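Computed from a predicted model, the values in this text were never measured in an experiment.
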Amino acid sequence: MQRRRFLGLSAAGAATAAMAPALTACSGGPGGKTLTVVAAEYGDGKPENSSQKYWESVARTFMGDHKGVKVEVQVYSWTEVDKKVADMVAAGNAPDIAQIGAYADFAAAGKLISADQLLSVPTQADFITSIGKAGEVHRMQYGLPFVSSTRLLFYNKTLFEKAGILKAPETWDELQAAAVKLKAAKVKIPFGLPLGPEEAPAETMLWMLGNGGGYADKNGNYQIAQAKNVEAFEWLRDELVGKGLTGPGNPARTNRQELFDAFARGEVGMIHGHPSLMQQAEAKDVKYGMQPLPGRHGRAASTMGVADWVMAFKQTGHKKEVGLFLDFLYSTQTVLDFTGKYDLLPVTQTASDKMMKDDDATPRRKKLIPFLAQLKNAEFYPANKTSWAKVSKTVKERIGGTVQKGADVQGILDEIQREADSTDGASR
């Protein structure tokens with residue numbers, strides 16, 4: 001699985017990106033300080049779409065205003081960037097700044113500088129509240145969100161018209177009724193349910209949220225086996241999968257990208273999707289609609305949010321210069337330059353407000369507004385827990401079993417809960 005859950009970076013793109021050289025933006029004279037930045041590649045492998053160009057521009061502009069500081073950036077693919085940073089830290093050569101997929105392990109090990117010691121008050125206060133909180137460990141923010149995304153329900157308008165469906169569903173009962181009509185109209189996959197290892201933790205969370213559940217409570221304690229989650233997967237087992245409304249494949253072995261590809265071929269009636277599905281569908285001339293996620297008894301109160309992270313390491317001793325660079329990195333136009341390039345969502349309120357109100361925004365940026373509207377109330381993975389990586393792996397391995405005929409949903413979720421509690425206890 002590519003770490004780019006919401007960008008859908010192809011393996012070929014990742015391989016090309018992995019060959020991107022380190023860039024060095026030179027500045028200053030003798031006695032200046034050098035900041036090292038390790039960042040991830042969000043491009044598709046084409047030189048003109050490489051993240052390297054963005055970082056070159058950021059470094060060049062920043063150094064123009066800070067003559068005594070030199071910035072060196074190394075850009076790696078998502079297949080290797082997290083390991084590169086971990087290896088650098090283990091070797092005692094941590095970068096000043098890393099822009100990668102997770103921060104919790106480094107925060108737990110006492111390696112990171114907290115946001116309040118780095119950022120100006122206006123910059124830290126500008127993070128969208130739901131995302132900023134996702135970067136906290138013991139109420140102290142160490143993970144600085146870099147970009148984000150949310151999920152919506154995508155539906156094929158042509159297939160809906162063929163099946164006589166007049167409006168997109170807002171409840172699970174309406175979703176099931178639409179899926180029944182799609183099946184009767186010979187649609188191959190009425191609802192795409194990717195519970196295979198690529199996307200299982202995300203798809204799981206979406207259905208949990210649709211019934212008012214989730215992975216953890218407000219205090220960060222795992223609540224995987226709570227009654228609302230059990231009800232959600234019993235409904236999936238009996239009312240969607242059990243009635244043959246998810247197509248011929250086994251959801252437990254079906255990955256997201258397979259279903260995205262099928263949606264782009266016009267074979268899927270409905271699916272949970274992120275912004276990259278827009279581009280994929282449009283490339284194949286699929287007429288689609290999007291709306292907030294249906295829930296058990298009405299629209300879901302929240303959707304899932306996904307974020308990637310920036311962090312600063314104590315080891316380097318460049319706290320002041322790092323803070324200045326990060327204040328610049330989170331300036332409104334700098335944020336919008338990056339998110340606009342890759343169809344992602346800004347993580348600051350000022351950039352979000354500008355994007356929502358920008359009358360001159362490109363058509364593609366305007367299409368992101370429905371995703372942005374969901375971000376304020378989005379729920380995130382419990383990524384501030386060092387145990388989450390192992391718990392996520394367990395979900396990938398076992399959650400698909402809940403929707404099999406006759407499955408003991410409570411028993412399976414209890415097993416995942418016990419392992420989560422054990423892993424969480426061992427990580428404290």
For [X], ring pair (Phe, Tyr, Trp, His ring centres under 6.0 Å) partners two or more places apart:
| X | answer |
| --- | --- |
| Y288 | F154 |
| Y222 | none |
| F380 | none |

Item to check | Criterion side chain to side chain donor-acceptor pair (under 3.5 Å) against S51, the qualifying member of Y76, Y342, Y42 | outcome: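 Per the side chain to side chain donor-acceptor pair (under 3.5 Å) rule, the option paired with S51 is Y342, out of Y76, Y342, Y42.
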Next on the checklist: side chain to side chain contact (heavy atoms under 4.5 Å, CB included), that's the test. Do L35 and E72 meet it? Break it down for me.
Outcome noted: CA-CA 6 Å; L35 300 183; E72 297 180 348; over 6 Å; no
Next on the checklist: Just verifying a value: how many Å separate K84 NZ and I100 CD1, rounded to the nearest 0.5 Å?
Outcome noted: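 Atom-to-atom, K84:NZ and I100:CD1 are 13.5 Å apart.
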Checklist entry - Atom CZ of R418 and atom OG1 of T394: how far apart are they, to the nearest 0.5 Å? => result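 R418 atom CZ to T394 atom OG1 measures 12.5 Å (nearest 0.5 Å).
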Checklist entry - Looking at F260, is R256 sitting on its ring face, NZ or CZ under 6.0 Å from the six-membered ring centre and within 45 degrees of the normal? => result yes
Checklist entry - Please walk me through it: do K396 and E198 pass salt bridge (charged side-chain N to carboxylate O under 4.0 Å, His left out)? => result CA-CA 8 Å; K396 291 178 183 180; E198 180 189 2; over 6 Å; no
Next on the checklist: As a quick check of understanding, evaluate salt bridge (charged side-chain N to carboxylate O under 4.0 Å, His left out) for R151 and E199, giving each step before the final call.
Outcome noted: CA-CA 13 Å; R151 304 294 172 95; E199 185 73 350; 2.5 Å; yes
Next on the checklist: Quick one, K133 with E379, criterion salt bridge (charged side-chain N to carboxylate O under 4.0 Å, His left out). Give me CA distance, side-chain angles, the key distance, then yes/no.
Outcome noted: CA-CA 10 Å; K133 286 188 177 297; E379 299 284 342; over 6 Å; no
Item to check | Aromatic centroids of F160 and Y155 separated by under 6.0 Å | outcome: yes
Checklist entry - Under 6.0 Å between ring centres, would you say that holds for Y381 and W388? => result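 Yes, ring centres under 6.0 Å apart.
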Checklist entry - side-chain contact (heavy atoms from CB on, under 4.5 Å) with Q124: which residues, sequence neighbours excluded? => result A115, D116, L119, Q141
Scan side-chain atoms only and decide if [X] and [Y] contain a donor-acceptor pair under the 3.5 Å cut-off.
| X | Y | result |
| --- | --- | --- |
| D96 | Q315 | no |
| T386 | D105 | no |
| T350 | T332 | yes |

Next on the checklist: Per the salt bridge (Lys or Arg N to Asp or Glu O under 4.0 Å) rule, what does the pair list look like for residues 309-333, sequence neighbours excluded?
Outcome noted: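 Counting only pairs at least two positions apart or across chains, the salt bridge (Lys or Arg N to Asp or Glu O under 4.0 Å) contacts touching residues 309-333 are K33-E321.
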N/O donor to acceptor pairs below 3.5 angstrom from side-chain atoms of residues 206-214, sequence neighbours left out:
unit_1: W207; atom_1: NE1; unit_2: E203; atom_2: OE2; d: 2.9
unit_1: N211; atom_1: ND2; unit_2: K228; atom_2: O; d: 2.8
unit_1: N211; atom_1: ND2; unit_2: E231; atom_2: OE1; d: 3.1

